[in-house]
Amino acid sequence: MKPTNKLILTGIFICAFGFISYAQESDTADAIVKDRPDATEASSTVGKGVLQFETGGLYESFEENNIKSEAYTYNTMLVRYGILDNLEFRLGWNFVEGVTKVNGNKLDNVASGLSPLLLGVKLDIAEEKDGMPEIALIGHVFPLFSASTDFRPETTGVDFRFSLSHTLSEKSSLGYNIGAQWGDDSPEAAAIYTLAYGYSITDKIGFYAELYGDLPEDSSANHYWDAGFTYLPCNDLQFDIYAGTSITDGQDLLLGMGLSY
């Protein structure tokens, strides 16, 4: 049976409420620092011995000349584990279903399966001090063998980025990433960037807005935006919900939700 929208929502909330009961018993002094839901990666690691799960689901659509492409990502799982105080291991895997509609009619050639595995590390470089930002370096590789046939590229993907952040006030912060990626069956490099503003509405509810995109060497640039809310019922658990679209062509709608534990 193929996954449905109801399955993703049910799965997320079953896991979430199961986590709440445990997390309330194991609160730590510091609130969870996560890399979702925005495209901007956090500028700090999880800490030595800490195991963190970040997962969710999202929907994307784009229509051009009466041809509509839809993508359902049912599991955006990222597992982070602190090897050292300043170094974490990262493992991620997504299950994706792609649907094409022509004049509103769904085609039979539905693509589904696992995207390439994400393997990577994050290294803390500098703490925020005297007006200088907190800085971390992140690198990933995406092995070919790990992807399902429908989503297996011709070449192994690689990316890296510097993640930086500034504390603006007790309630607000600014984060941004700068880096490059090689993938999507293209030998050309693409510069990547993100810029996110976060604001704490209350101790438990937060808001963010973000610009992000990529600039390939020999192709047109792609620019996007998204915004969303987070809810922190306890220090070890956070829920999120967000929406966005592209500024350039390529994405009409992005909707997502998830949790970090």
Side-chain angles (χ1 to χ4, degrees), residues 1-17 19 32 34-42 53-78 92-107 110-116 118 150-151 175 177 184 192-199 201 204-214 222-233 237-261:
M1 179 180 296
K2 293 180 179 178
T4 64
N5 292 341
K6 289 184 179 179
L7 281 177
I8 175 179
L9 296 177
T10 302
I12 289 175
F13 282 107
I14 287 176
C15 292
F17 288 113
F19 287 153
I32 187 171
K34 71 281 176 277
D35 282 344
R36 63 165 298 118
D38 53 6
T40 302
E41 306 281 18
F53 299 91
E54 304 181 10
T55 187
L58 61 91
Y59 166 81
E60 300 171 274
S61 68
F62 177 64
E63 184 171 3
E64 187 175 31
N65 298 326
N66 295 322
I67 300 176
K68 186 175 184 178
S69 300
E70 297 178 314
Y72 299 87
T73 303
Y74 294 101
N75 178 32
T76 60
M77 176 62 75
L78 174 65
W93 222 347
N94 299 338
F95 184 89
V96 185
E97 182 175 283
V99 176
T100 302
K101 296 179 180 178
V102 179
N103 294 321
N105 298 312
K106 181 179 176 180
L107 301 184
V110 175
S112 64
L114 294 167
S115 62
L118 175 152
D150 288 341
F151 297 99
N177 294 174
D184 297 326
I192 53 178
Y193 76 91
T194 73
L195 177 64
Y197 171 77
Y199 183 80
I201 300 173
K204 295 183 178 296
I205 300 174
F207 168 80
Y208 83 91
E210 174 186 49
L211 292 172
Y212 63 101
D214 59 84
N222 303 292
H223 304 290
Y224 308 85
W225 71 269
D226 65 353
F229 293 90
T230 59
Y231 174 62
L232 186 77
L237 176 67
Q238 180 173 279
F239 297 99
D240 60 69
I241 185 169
Y242 59 97
T245 186
S246 61
I247 299 171
T248 55
D249 287 339
Q251 186 185 79
D252 294 328
L253 180 64
L254 167 68
L255 296 174
M257 62 186 302
L259 60 90
S260 303
Y261 169 72

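Here the rule is side chain to side chain donor-acceptor pair (under 3.5 Å) with Tyr208, and of Thr230, Asp226, Asp240 only Asp226 fits it. Each of Tyr74, Tyr72, Tyr242 was compared with Tyr59 under the ring pair (Phe, Tyr, Trp, His ring centres under 6.0 Å) criterion, and only Tyr72 meets it.
Tyr193 and Asp214 get closest at one heavy-atom pair: CE2-N, 4.2 Å. The two residues Tyr224 and Ser246 come nearest to each other via the heavy atoms CD2-CB, 3.4 Å. Across every non-hydrogen atom of Lys101 and Lys106, the tightest pair is CG-CA, 3.9 Å. When every heavy atom of Glu210 is checked against every heavy atom of Thr194, the shortest pair comes out as OE2-CB, 4.1 Å. A pairwise comparison of heavy atoms in Leu253 and Thr245 identifies N-OG1, 4.1 Å as the closest pair. Closest heavy-atom contact between Lys204 and Pro233: NZ-O, 3.3 Å.
Under the 4.5 Å side-chain criterion, counting only non-hydrogen atoms from C-beta, Tyr212 is not in contact with Thr40. Contact of the Val110 side chain with the Glu97 side chain is registered, since non-hydrogen atoms from C-beta on lie closer than 4.5 Å. Side-chain contact between Val102 and Leu107: present, with at least one pair of heavy atoms (C-beta onward) separated by less than 4.5 Å. No side-chain heavy atom of Asn94 sits less than 4.5 Å from a side-chain heavy atom of Phe151. Looking only at side-chain heavy atoms (C-beta outward), Leu259 and Thr55 come within less than 4.5 Å of each other.
Note that CG of Asn75 is 10.5 Å distant from CG of Leu58, once rounded to the nearest 0.5 Å. Separation of atoms CH2 (Trp93) and OG (Ser115) is listed at 9.0 Å; rounding is to 0.5 Å. To the nearest 0.5 Å, atoms CD1 (Ile192) and CG (Asn177) are separated by 7.5 Å. Separation of atoms OH (Tyr199) and CZ (Phe207) is listed at 11.5 Å; rounding is to 0.5 Å. Here the straight-line distance linking atom CZ of Phe62 with atom CD1 of Ile67 works out to 10.5 Å at 0.5 Å rounding. Taken from CE in Met77 to CD in Glu54, the straight-line distance is 9.5 Å, to the nearest 0.5 Å.
Although no hydrogens or angles enter the test, the distance criterion places no donor-acceptor pair under 3.5 Å between the side chain of Ser61 and the main chain of Asp252. Listed for the Asp150 side chain is no donor-acceptor partner under 3.5 Å among the backbone atoms of Gly113.
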The test is side chain to side chain contact (heavy atoms under 4.5 Å, CB included); show your working for Trp225 and Ile247 and say whether it passes. CA-CA 7 Å; Trp225 71 269; Ile247 299 171; 4.0 Å; yes
